[in-house]
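To start, the structure under review is shown below, and the notes come after it.
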Amino acid sequence: MQVAVVTFDGFNELDSFIAAALVNRCRKQGLEAFVTTPAPVVTSMNGVEVTGQRPLEFVAEADVVLVGSGVRTRDVVADDRLVSRLPLDPARQLIGAQCSGALVLARLGLLDGRPACTDTVSRPWVEACGVTVLDAPFHSEGNIATAGGCMASQYLGAWVISRALGDEAVREAIGCTAPVGEQQETVERVLRAVRTGETAAAALR
């Protein structure tokens, strides 16, 4: 399975890199993430220049699409040409968004009737799109998931790994990246967050 980690100019490094790095812990099992950008080079909110691994058109063929956040997301959703380059299909793709990335899903109509998670800064903008924002770090419903808060990107990555390969693969990936001495509690916390997000979705239906 191929994962497109959509990364725009002004992106938040924690969002794109944590999710991509976690997923790429599973390369040997056939799950691989690529930083996917609308231009050959994009610059982060802190001035870090990154060369995209795949062009934005890659989202059409990817099995999973994760939309990262950044300080220019409102500019992204206001750009009709840029939005038209995101033909996402939840019928065949897993689709996730981190923080202000929820604005992109809302703009595409993918959050119609669904609550979402986002960060505290982006919350009023997401709510202005008519989306109910949850006071939670992660929520998934069907093939769509959202995460709120930079460090919640680990939940988004774990969700992808769980859906593609199962919880044992999540335990391995998170266990390898957790702080030494905190592996077990970190693995349990991450899996609990993902499961709680799924349970909450079932309760809201």
Side-chain angles (χ1 to χ4, degrees), residues 1-8 11-12 15-27 29-38 42 52-70 73 76-77 79-118 126 129 131 134 138-148 152-167 169-170 173 193-195 197-198 200-202 204-205:
M1 293 181 70
Q2 298 187 103
V3 181
V5 181
V6 179
T7 304
F8 298 106
F11 72 94
N12 185 316
D15 295 353
S16 291
F17 295 157
I18 290 176
L22 281 176
V23 169
N24 281 330
R25 290 276 174 170
C26 301
R27 279 199 189 99
Q29 294 106 303
L31 185 63
E32 188 168 10
F34 301 91
V35 173
T36 301
T37 57
V42 292
Q53 296 173 290
R54 293 289 187 275
L56 196 58
E57 286 65 30
F58 175 62
V59 301
E61 62 183 89
D63 304 290
V64 182
V65 179
L66 301 180
V67 182
S69 77
T73 308
V76 170
V77 297
D79 187 331
D80 291 340
R81 177 180 291 185
L82 191 51
V83 171
S84 71
R85 296 171 67 188
L86 295 168
L88 306 189
D89 182 3
R92 68 171 187 83
Q93 295 173 309
L94 295 180
I95 300 170
Q98 177 71 39
C99 293
S100 66
L103 285 171
V104 177
L105 299 196
R107 175 69 169 77
L108 293 170
L110 297 175
L111 296 181
D112 290 352
R114 299 172 186 265
C117 298
T118 190
V126 176
C129 296
V131 177
L134 302 173
F138 178 82
H139 179 79
S140 68
E141 189 170 341
N143 286 345
I144 296 178
T146 51
S153 53
Q154 63 187 311
Y155 303 148
L156 205 55
W159 174 72
V160 171
I161 295 169
S162 177
R163 288 290 301 269
L165 301 170
D167 286 356
V170 175
V194 172
R195 293 294 163 257
E198 294 172 338
L204 288 167
R205 282 197 285 271

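With hydrogens and angles disregarded, no donor-acceptor distance shorter than 3.5 Å links the side chain of Asp167 to the backbone of Val170. A donor-acceptor pair under 3.5 Å links the side-chain atoms of Gln53 to the main chain of Val35, judged by distance alone. With hydrogens and angles disregarded, no donor-acceptor distance shorter than 3.5 Å links the side chain of Thr37 to the backbone of Val42. In this structure, Asn12 contributes its side chain and Ser69 its backbone to no donor-acceptor pair below 3.5 Å.
Between Gly96 and Leu105, the closest heavy-atom pair is C-CD1, 4.4 Å. Here the shortest heavy-atom pairing between Leu156 and Gln98 reads CD2-OE1, 4.0 Å. Nearest heavy atoms, Arg114 versus Glu141: NH1-O, 2.8 Å. Between Pro55 and Thr36, the shortest heavy-atom contact is O-CG2, 3.2 Å. In this structure, Ala164 and Met1 approach most closely via the heavy-atom pair CB-SD, 3.5 Å. Between Ser100 and Gly70, the shortest heavy-atom contact is OG-N, 3.2 Å.
Taking CG of Asn24 as the start and CG of Leu31 as the end, the distance is 8.0 Å to the nearest 0.5 Å. For the atom pair Ser140 OG and Leu94 CG, the distance stands at 10.0 Å (nearest 0.5 Å).
Each of Ile144, Thr118, Thr146 was scored for a side chain to side chain contact (heavy atoms under 4.5 Å, CB included) with His139, with one residue passing: Thr146.
Side-chain contact of Thr7 with Ser16: a donor-acceptor pair under 3.5 Å is present, judged by distance alone. A donor-acceptor contact closer than 3.5 angstrom links the side chains of Arg163 and Asn143. Between the side chains of Arg195 and Ser162, at least one donor N or O lies within less than 3.5 Å of an accepting N or O. No side-chain N or O of Asp15 forms a donor-acceptor pair with one of Ser153 less than 3.5 Å apart.
Surrounding CZ of Arg81 are at most 12 heavy atoms belonging to other residues, nucleotides or ligands under 6.0 Å away.
Among residues two or more places apart in sequence or in another chain, the side chain to side chain contact (heavy atoms under 4.5 Å, CB included) test is passed with Asp112 by none. Taking the side chain to side chain contact (heavy atoms under 4.5 Å, CB included) definition, one finds that Ala19 meets it with Leu66, sequence neighbours left out.
Phe34 and Phe58 have perpendicular rings, their planes meeting at more than 60° on a 0 to 90° scale where under 30° would count as parallel.
Here Arg107 pairs with Asp80 in a salt bridge; the nearest charged N to carboxylate O distance falls below 4.0 Å.
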